[in-house]
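The next block holds one structure in the form of structure tokens; read it before the comments.
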Amino acid sequence: MPSNDARNLLQTAAPTAAVGVVTVAVSGVVAGGKGALGAGIGTLLAILFMGIGLFVLQWTAKTLPQLFQAMGMMLYVAQLLLLLIFVALFKDTSLFHPKTFAIGLVVATVVWMAAQARAHMKAKIFYVDPDAAKSEKPEKTGPSS
């Protein structure tokens, strides 16, 4: 993973994890151990889904840029379907508190998206690669004299 991609991942995952720790602590105080576990699972699931999605989109942008938008939509649908499957499998569980799971998932997702938007706005991404322009020889367009 190039340094810009790693920096982007760090700038999004770190605030999400920090807010996740706060969500787990508050859920633990409000709903006990099962509440803390639910919020922790929700936070980890959001970080996992969003991190994999970020990696896949960055790979797609570099290797298949013409498929970037379609891959983004497909990835979004796949994430929702995987989350639906997870919720369906654990809908009647007594392992963790379902409301704190949902709160942890939503809070982590919102923080991830906000941190990703901030990281993208702060990134200094060239529209034109200045090194590539220097190495190419200019083509002659007119008749030679």
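Here, residue 1 is the first one in the sequence, and each next residue gets the next number.
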If you apply the rule side chain to side chain contact (heavy atoms under 4.5 Å, CB included), what do you find for M50 with Q116, and how did you get there? CA-CA 10 Å; M50 295 297 204; Q116 190 173 14; 5.9 Å; no
Hydrophobic cluster membership, V77 vs M73, 4.5 Å side-chain cutoff: no
Transitively linked via ILVMFWY side-chain contacts under 4.5 Å: F90 with I85? yes
Results of ring-ring contact (aromatic ring centres under 6.0 Å, His included) for F96 - residues two or more places apart only: F101
At their closest point, which heavy atom of Q11 faces which heavy atom of A119, and how far apart are they? OE1-CB, 3.1 Å
For L82, enumerate each residue passing the side-chain contact (heavy atoms from CB on, under 4.5 Å) test, keeping only those at least two apart in sequence or located in another chain. F49
Show your reasoning for whether side chain to side chain contact (heavy atoms under 4.5 Å, CB included) applies to T43 and L105. CA-CA 5 Å; T43 300; L105 185 70; over 6 Å; no
Show me the pairs that pass ring pair (Phe, Tyr, Trp, His ring centres under 6.0 Å) and involve residues 57-76, at least two apart or across chains. none
Using a cut-off of 6.0 Å, state whether more than 12 heavy atoms not belonging to Q66 lie near its atom CD. yes
Those residues at least two apart in sequence (or on a different chain) that pass side-chain contact (heavy atoms from CB on, under 4.5 Å) with A36 are V24
How many angstroms lie between atom CG of L54 and atom CD1 of I47, to the nearest 0.5 angstrom? 12.5 Å
pair L80-L84: side-chain heavy atoms closer than 4.5 Å: no
Please evaluate residues L64 and M71 with respect to the criterion side chain to side chain contact (heavy atoms under 4.5 Å, CB included), reporting the C-alpha separation (whole Å), side-chain torsions for both, the decisive distance (0.1 Å), and the verdict. CA-CA 10 Å; L64 304 165; M71 184 63 85; 5.9 Å; no
Using the side chain to side chain contact (heavy atoms under 4.5 Å, CB included) rule, take L37 and I41 through it: C-alpha gap first, then chi angles, then the decisive distance, then the call. CA-CA 6 Å; L37 184 61; I41 291 172; 3.9 Å; yes
Residue that, paired with H97, satisfies side chain to side chain contact (heavy atoms under 4.5 Å, CB included) out of L95, T100, T93: T100
Separation of T12 OG1 from M113 CE (nearest 0.5 Å): 12.5 Å
Do P15 and R118 make a side-chain contact, defined as non-hydrogen atoms from C-beta onward lying under 4.5 Å apart? no
Can you name the residues that form a side-chain contact (heavy atoms from CB on, under 4.5 Å) with T23, not counting sequence neighbours? V19, S27, A39, I103, V107
Tell me the closest heavy-atom pair linking L57 and L75, and the distance in Å. CG-CD2, 3.8 Å
Residues in side-chain contact (heavy atoms from CB on, under 4.5 Å) with A13, at least two apart? W112
